Number of protein chains: 2
Amino acid sequence: MSPDLRGLADLDRVIHEPARLVIATILSVAESADFLFLQRETGLTKGNLSFHLTKLEEAGYAAIEKTYKGKIPLTLARLTPAGLKAYKDYRASVKTLFEK
Amino acid sequence: MSPDLRGLADLDRVIHEPARLVIATILSVAESADFLFLQRETGLTKGNLSFHLTKLEEAGYAAIEKTYKGKIPLTLARLTPAGLKAYKDYRASVKTLFEK
DNA sequence: CGAAAGTGGTTTGTATAACAAACCTGTTTG
DNA sequence: CAAACAGGTTTGTTATACAAACCACTTTCG
């Protein structure tokens with residue numbers, strides 16, 4: 001029937017998690033986004049957003065830059081090339097699965 | 001920017017799990033499939049396949065019919081109307097998310 | 001000036017989850 | 001009779017998300 005649905009089930013769990021999927025989707029479009037913007041867009045609590053950004057960073061998928069806007073902390077997140085690739089691969093996998 | 005990514009992150013976790021997503025995809029096409037066929041297609045162990053089918057059944061998304069082919073047990077699974085709807089809704093949600 | 005609220009987190013506790021592996025019953029086949 | 005197959009259930013481990021509490025610093029408001 002199908003080449004291998006087995007392989008397709010093998011989705012990247014880092015991206016697969018809905019919270020991170022939304023974050024990755026935003027970052028794939030937005031280039032760079034600050035912490036509060038992400039929090040408002042995703043509806044996540046600070047703790048969870050922080051947690052998921054750390055996960056993305058640990059996976060090498062996101063770069064977190066902590067700067068200051070004047071004296072207020074400003075945290076910027078963006079996808080790394082690896083992160084963008086992982087995101088695109090994920091989308092391609094899902095697309096393939098849905099073509100069945 | 002977007003209407004509400006918050007809502008989109010709200011994917012149906014029952015369907016979202018990759019193992020069940022693959023099962024649901026197969027069932028959405030195949031009408032009905034027996035246990036061993038599903039096991040071979042998904043690459044899951046018996047225990048896990050059983051577990052996920054039970055989850056789908058508990059959610060009201062799958063109907064499990066235990067019959068006999070002669071004297072050999074034959075377990076058939078198919079999606080319920082609610083299951084097909086949930087699957088289609090899931091696909092629509094993902095599609096919407098990916099259109100950003 | 002003092003309190004509140006905003007920024008950007010870390011830590012902790014809890015509940016859920018998947019998954020592998022072991023175990024089980026019954027049946028057919030060699 | 002032994003082995004293998006069909007179709008599971010149960011158990012134990014590990015990872016996970018998520019909420020909520022806590023913390024430090026800064027700006028703003030009354």
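Chain naming here is simple, since letters A, B, ... match the order of the sequence lines and numbering starts at 1 in each. Values below: all heavy atoms of this structure, side chains included; hydrogens, waters and symmetry mates excluded. Computed from a prediction, not measured in an experiment: that's the story for all the values here.
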Once you round to the nearest 0.5 Å, how far does CG of L53(A) lie from OG1 of T75(A)? 8.5 Å

Starting from P on dG26(C), measure out to CG on L74(B) and report it in whole angstrom. 19 Å

Base, sugar-phosphate, or nothing: which does L49(A) touch, judged by heavy atoms less than 4.0 Å apart? nothing

Can you find a side chain N or O atom of H52(A) that sits less than 4.0 Å from OP1 or OP2 on dC18(D)? yes

Hey, which of these two, I72(B) or F51(A), hits DNA chain C nearer its 5' end, going by closest nucleotide? F51(A)

How many whole angstroms separate atom CG of D12(A) from atom P of dT16(D)? 12 Å

Value in whole Å for how far the C1' atom of dT7(C) lies from CG of L53(A): 14 Å

Tell me if a side-chain donor or acceptor on S93(A) pairs with a main-chain N or O of L11(A) at a distance below 3.5 Å. no

So, is S50(B) near the phosphate of dG7(D), with a side-chain N or O under 4.0 Å from OP1 or OP2? no

Using a 4.0 Å heavy-atom cut-off, does K69(A) contact any base of the nucleic acid, only the sugar-phosphate backbone, or nothing at all? nothing

Rounded to the nearest Å, what distance is computed from the OH atom of residue Y68(B) to the P atom of nucleotide dG7(D)? 10 Å

Out of dC19(C), dA18(C), dG9(C), which has the shortest distance to the side chain of K66(A)? dG9(C)

In whole angstrom, what separates Q39(A)'s CD from dG6(C)'s P? 11 Å

In terms of the nearest nucleotide of DNA chain D, which residue is placed more toward the 5' end: K71(A) or P73(B)? P73(B)

Residue T75(B), side-chain heavy atoms: nucleotide from dG8(D), dG9(C), dC19(C) that is nearest: dG8(D)

Mutual orientation of the aromatic rings belonging to H16(B) and Y90(B) [parallel < 30°, tilted 30-60°, perpendicular > 60°]: tilted

Output yes when a side-chain donor or acceptor of T67(B) lies under 3.5 Å from a complementary backbone atom of L74(B), and no otherwise. yes

Any R13(B) side-chain nitrogen or oxygen under 4.0 Å from OP1 or OP2 of dA17(D): no

From C-beta outward on F35(A), which listed nucleotide comes closest to its side chain: dA6(D), dG8(C), dA17(C)? dG8(C)

Gap between atoms CG and C1', on L76(B) and dA6(D) respectively (whole Å): 13 Å

Within the pair K46(B) and dA21(C), is there a side-chain N or O less than 4.0 Å away from OP1 or OP2? no

Looking only at side-chain N and O atoms, does K55(B) come under 4.0 Å of OP1 or OP2 in dA17(C)? yes

Scan residues 49-64 of chain A for pairs that pass side chain to side chain donor-acceptor pair (under 3.5 Å), counting only residues two or more places apart or in two chains. D12(A)-Y61(A), R20(A)-H52(A)

Could you tell me the separation between the CD1 atom of I64(A) and the P atom of dT7(C), rounded to a whole number of Å? 18 Å

Euclidean distance, atom NE2 of residue H16(A) to atom P of dA17(D) [Å, nearest integer]: 11 Å

